[in-house]
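Working notes, beginning with the structure itself.
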Protein chains: 2
Amino acid sequence: MARTKRIDDDTLMTKLTQTFRDYGYEGASLNILSKATGLQKASLYHRFPGGKEEMALEVLNRAGNWVGENIVAPLTTDISPEKKIKIMSKKLDEFYTGGNNSCLLNMLASPEMVKGPFTSHIKEAFEVWIKTLSNVLVESGLSRKESRKRAENAIAMLQGSLVMSRGMNDPKLFKSFLKNLPNMLLDNK
Amino acid sequence: MARTKRIDDDTLMTKLTQTFRDYGYEGASLNILSKATGLQKASLYHRFPGGKEEMALEVLNRAGNWVGENIVAPLTTDISPEKKIKIMSKKLDEFYTGGNNSCLLNMLASPEMVKGPFTSHIKEAFEVWIKTLSNVLVESGLSRKESRKRAENAIAMLQGSLVMSRGMNDPKLFKSFLKNLPNMLLDNK
DNA sequence: GTCTATAGTAAGATAGAC
DNA sequence: GTCTATCTTACTATAGAC
């Protein structure tokens, strides 16, 4: 034995993701990651030869894929903009577990001066997200400029509501954001 | 000599603040703090016997005082709500150096599960901020409920725009937020 | 008040047995 | 594939000279 995995890849990635979200990159020590996954450090290195950096990169990629499949993809189908926004809200609620989870794009962001290994991934994630959402709003009849602005504001509000929910230890601001999201995006001005 | 300070208290605190903003609590090692301030580690311990935790706590307190004097105080004077918001915008621009600095309330926030030494300070800072800003909006003629909501949204948008400015390495979202802030707060709906 | 030197601990990472 | 044991480095923190 011991040739069989104590924890399957998907569950492992979920645990790692949770830990990086809770502790950030620096705060998530290998000891903490080990306890969170039930694997010893050496076992983690066996699965991620690149160590913590590789773990965080794969976590970031997996989150990107999840967002692509669950949030971006529905936004590019043939249903109405209203329905798209509704689906997105539901998926965001799931993704951030009702405001109790921080966003990796915030928790893994590096100091500006020292460009870290995640900088480009995070920047691209934000840009893709803004563009995709913006396209939906154009489709709903808004101008390109107004659509871009609303998309940026919505994502900023999402990030801010998560920061405040964490800081105040109360997810109500995130929930309130989600509730207002459709209006924020689609209301005629 | 060496009985005279290499760096005065205020400049020292400014450097420490900058470092915690850039690196976060875990990321700001004593080596980094030492280089940033020009003081050796032992000298830092002489000034802050409680070590890094005391440094961060004092940084947080000082930032709270600055906000109290420069942002909260003007909000409670006798000038018009419009002028108050204008002053606040200007001071926020200064405080966050045009969107190039992160917010300590985000960078020092601890993981929810492990209540850190800053949790209560951060929570209180958000609450005071929301209440003070909300009162200004009540004064401008909005209902208590609407005022509270707008204040929360404005601060969330501020936090989010900072997160995104850092993540995208471009302060334009913060600048855009600042520009729209008066409308966001005072527009009749 | 600041420094060099160093203790003690925890970090990231690897070797080799099973 | 997982483990214990270990290495090396970096970290927080302290001692003691000037």
Side-chain angles (χ1 to χ4, degrees), chain A residues 1-60 107-108 110-111 113-118, chain B residues 1-60 62 107-108 110-111 113-114 116-118:
Chain A
M1 24 232 81
R3 293 285 168 79
T4 185
K5 290 182 175 176
R6 298 190 92 245
I7 180 175
D8 65 277
D9 289 354
D10 198 62
T11 311
L12 174 58
M13 290 304 294
T14 301
K15 297 282 190 189
L16 292 178
T17 302
Q18 190 59 44
T19 310
F20 280 120
R21 275 177 150 186
D22 285 341
Y23 294 92
Y25 184 72
E26 314 285 349
S29 71
L30 285 174
N31 258 321
I32 293 177
L33 292 165
S34 170
K35 281 176 190 162
T37 58
L39 289 179
Q40 294 297 336
K41 282 180 273 187
S43 304
L44 286 172
Y45 273 92
H46 177 76
R47 299 224 198 168
F48 304 92
K52 197 163 93 164
E53 186 173 320
E54 185 180 338
M55 296 181 214
L57 270 174
E58 287 205 20
V59 160
L60 210 45
M107 300 306 283
L108 294 181
S110 311
M113 316 178 183
V114 188
K115 277 211 176 193
F118 318 121
Chain B
M1 11 235 88
R3 291 286 168 77
T4 186
K5 289 181 175 176
R6 296 189 96 251
I7 179 176
D8 65 279
D9 290 352
D10 198 62
T11 310
L12 173 59
M13 290 305 294
T14 301
K15 297 282 190 189
L16 291 178
T17 301
Q18 189 59 43
T19 309
F20 281 119
R21 275 177 150 186
D22 285 341
Y23 293 93
Y25 185 72
E26 314 285 349
S29 71
L30 285 174
N31 257 321
I32 293 177
L33 292 164
S34 170
K35 280 176 190 161
T37 57
L39 289 178
Q40 294 297 335
K41 283 179 271 187
S43 303
L44 286 173
Y45 273 93
H46 177 76
R47 298 224 198 168
F48 304 92
K52 197 164 91 164
E53 186 172 319
E54 185 180 338
M55 295 182 215
L57 270 174
E58 288 204 21
V59 160
L60 210 44
R62 181 166 171 271
M107 300 306 283
L108 293 182
S110 311
M113 316 179 182
V114 187
F118 318 121

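So that the names make sense, note that chain A is the first sequence line, chain B the second, and so on, each numbered from 1. The model shown is predicted, which means the values in this text are computed figures rather than measured ones.
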Handout entry: Within-4.5 Å side-chain heavy-atom neighbours: B:L39 and B:L33
Key = no
Completion exercise
Rounded to whole Å, the NE2-C1' distance (A:H46 to D:dT4) equals 16 Å
Practice task
Indicate yes or no: at least one non-hydrogen side-chain atom of B:K15 is less than 4.5 angstrom from one of B:I7.
Solution key: yes
Problem - Parallel, tilted or perpendicular: rings of B:Y25 and B:F118 (30°, 60°) - result: perpendicular
Practice task
Check the distance between C:dA13's P and A:I32's CD1 and give it to me in whole angstrom.
Solution key: 15 Å
Problem - Under-4.0 Å side-chain N/O to phosphate OP1/OP2 contact, B:S43 with C:dG1 - result: no
Exercise for the section: Could you check A:N31 against A:A42 and say which one's nearest nucleotide on DNA chain C is further toward the 5' end? Expected result: A:N31
Exercise for the section: Grab the OH-P distance between B:Y45 and C:dG1 for me, whole Å please. Expected result: 18 Å
Practice task
Please state how far atom CG in A:L30 lies from atom P in D:dA10, giving the value in whole angstrom units.
Solution key: 15 Å
Problem - Qualifying residues under ring pair (Phe, Tyr, Trp, His ring centres under 6.0 Å), relative to B:Y45, sequence neighbours excluded - result: none
Practice task
State, yes or no, whether a side-chain contact exists between B:R47 and B:D9 at a heavy-atom distance under 4.5 Å.
Solution key: yes
Handout entry: Atom-to-atom span, CG of B:L39 to C1' of D:dA13 - whole angstrom
Key = 16 Å
Exercise for the section: Whole angstrom is fine here: how far is it from CG in A:L44 over to P in C:dA11? Expected result: 14 Å
Handout entry: Integer-rounded Å distance: C:dA10 C1' and A:E26 CD
Key = 15 Å
Practice task
Indicate yes or no: at least one non-hydrogen side-chain atom of B:L30 is less than 4.5 angstrom from one of B:M55.
Solution key: yes
Exercise for the section: Report the distance from atom CG of B:L12 to atom P of C:dG1, rounded to the nearest whole Å. Expected result: 12 Å
Problem - Residue pair B:R62 / B:T14, side-chain donor-acceptor N/O under 3.5 Å - result: yes
Practice task
Tell me whether the OP1 or OP2 atom of C:dG1 has a side-chain N or O from B:T4 closer than 4.0 Å.
Solution key: no
Exercise for the section: Look at the side chain of A:R6 and decide which nucleotide, out of D:dT12, C:dC3, D:dT2, has an atom nearest to it. Expected result: D:dT2
Problem - Strand-adjacent residues in residues 51-59 of chain A, judged by heavy atoms under 4.0 Å from DNA chain D - result: none
